[in-house]
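Following: one structure in structure tokens, then a few remarks.
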Amino acid sequence: MTVLALMRHGEAGMSIPDEARSISVNGRDQARRSAAWLAAQGLTPAHALVSAARRTVETFHAMELHCPMTATEELYECPGRRVLDEINGVPGDVGVLLVVAHFPGLPEAAAQLDPGAELPGFAPGTVVLLDLDDGPAAPGSGRMLSWFTP
């Protein structure tokens, strides 16, 4: 794995239960704009790791990417360390991995990967790019390259 794209789901409406929340029209637009930004960076995800919550799966589909996607319950309401564990569970050599998940797990994972980075606030649709060292995703093993908030 070389480049990791951590993305918060698009804006979602309210619903009970929480994991059933759908993204809004604005959330779909945020997802499309974030996908366009990734393309403008010359990045095409080879695989997507997505929380199984409805809003994250809908965000991934709204991005209209043509890569395999794995939805997992493990990325829902999890700490940053769990995000890193899930990243490390992706088999094979993935050049660009997209992770679509939630706050606060994503910013915690980004801060662990690059403790010195000045991270954005992770508003809905935000994407943070990190260059990862060879080996497992672990504290201190990444460098933030850039970020985008639609």
Side-chain angles (χ1 to χ4, degrees), residues 1-15 18-90 92-132 137 141-150:
M1 220 176 314
T2 304
V3 177
L4 175 64
L6 298 177
M7 180 179 177
R8 184 175 177 195
H9 61 80
E11 176 187 85
M14 297 307 294
S15 179
D18 180 69
E19 63 272 11
R21 293 171 52 201
S22 179
I23 60 172
S24 65
V25 171
N26 187 46
R28 289 186 203 318
D29 182 58
Q30 290 167 334
R32 285 190 291 270
R33 289 181 9 221
S34 292
W37 180 78
L38 282 173
Q41 306 309 300
L43 298 173
T44 303
H47 191 85
L49 189 58
V50 179
S51 162
R54 181 177 177 181
R55 62 190 174 273
T56 49
V57 172
E58 287 180 355
T59 296
F60 171 76
H61 288 302
M63 295 176 79
E64 298 181 355
L65 299 172
H66 302 288
C67 68
M69 181 266 281
T70 302
T72 176
E73 297 285 338
E74 299 299 325
L75 287 173
Y76 180 70
E77 292 188 342
C78 71
R81 182 68 225 171
R82 185 70 202 158
V83 174
L84 299 186
D85 290 344
E86 291 301 306
I87 290 166
N88 289 327
V90 174
D93 184 25
V94 177
V96 179
L97 176 64
L98 171 66
V99 178
V100 183
H102 310 272
F103 186 92
L106 289 178
E108 288 174 5
Q112 289 175 24
L113 289 167
D114 186 353
E118 291 187 36
L119 296 169
F122 271 89
T126 295
V127 181
V128 171
L129 296 179
L130 294 118
D131 184 25
L132 297 181
S141 69
R143 282 154 310 287
M144 188 172 76
L145 300 170
S146 58
W147 59 274
F148 172 75
T149 297

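The two atoms that bring V57 and V50 nearest to each other are N-CG1, 3.8 Å, heavy atoms only. Pairing each heavy atom of A137 with each of L132, the nearest pair is CB-CD1, 4.5 Å.
Proximity of I87 to D85: side-chain heavy atoms (C-beta onward) are nowhere separated by under 4.5 Å. Annotation: side chain of L113 is in contact with side chain of S141 (closest heavy-atom distance under 4.5 Å). Inter-residue side-chain proximity for I23 and Q30 is flagged as unmet; no heavy-atom pair is nearer than 4.5 Å.
Checking side-chain atoms of E19 against main-chain N and O of A53 turns up no donor-acceptor pair under 3.5 Å. Side-chain atoms of D131 do not come within 3.5 Å of backbone N or O of R143 as any donor-acceptor pair. Without hydrogens or angle criteria, S34 side chain to G125 main chain gives a donor-acceptor distance under 3.5 Å.
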Pairs under 3.5 angstrom only: tabulate donor-acceptor contacts from the side chains of residues 37-45 to other protein residues two or more places apart or in another chain.
from	atom 1	to	atom 2	distance (Å)
Q41	NE2	W37	O	3.4

Which pairs of donor and acceptor atoms, one on a side chain in residues 3-13, lie under 3.5 Å apart (sequence neighbours left out)?
from	atom 1	to	atom 2	distance (Å)
R8	NH1	F122	O	2.8
H9	NE2	R55	NE	3.2
E11	OE1	S24	OG	2.7
E11	OE2	N26	ND2	3.4

Would you list the atom pairs, donor with acceptor, under 3.5 Å between side chains in residues 94-106 and any protein atom, with sequence neighbours excluded?
from	atom 1	to	atom 2	distance (Å)
H102	NE2	S51	OG	2.8

Report task. In sequence, state the C-alpha distance, the side-chain angles, and the governing distance for R32 and E64, and then conclude on salt bridge (charged side-chain N to carboxylate O under 4.0 Å, His left out). Result -> CA-CA 8 Å; R32 285 190 291 270; E64 298 181 355; 5.7 Å; no

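The ring-ring contact (aromatic ring centres under 6.0 Å, His included) contacts involving residues 52-73 comprise nothing, where partners must be two or more places apart or lie in separate chains.
In this structure Q112 satisfies the side chain to side chain donor-acceptor pair (under 3.5 Å) test with no other residue, sequence neighbours excluded. Qualifying side chain to side chain donor-acceptor pair (under 3.5 Å) partners for T70, counting only residues two or more places apart in sequence or in other chains: H47.
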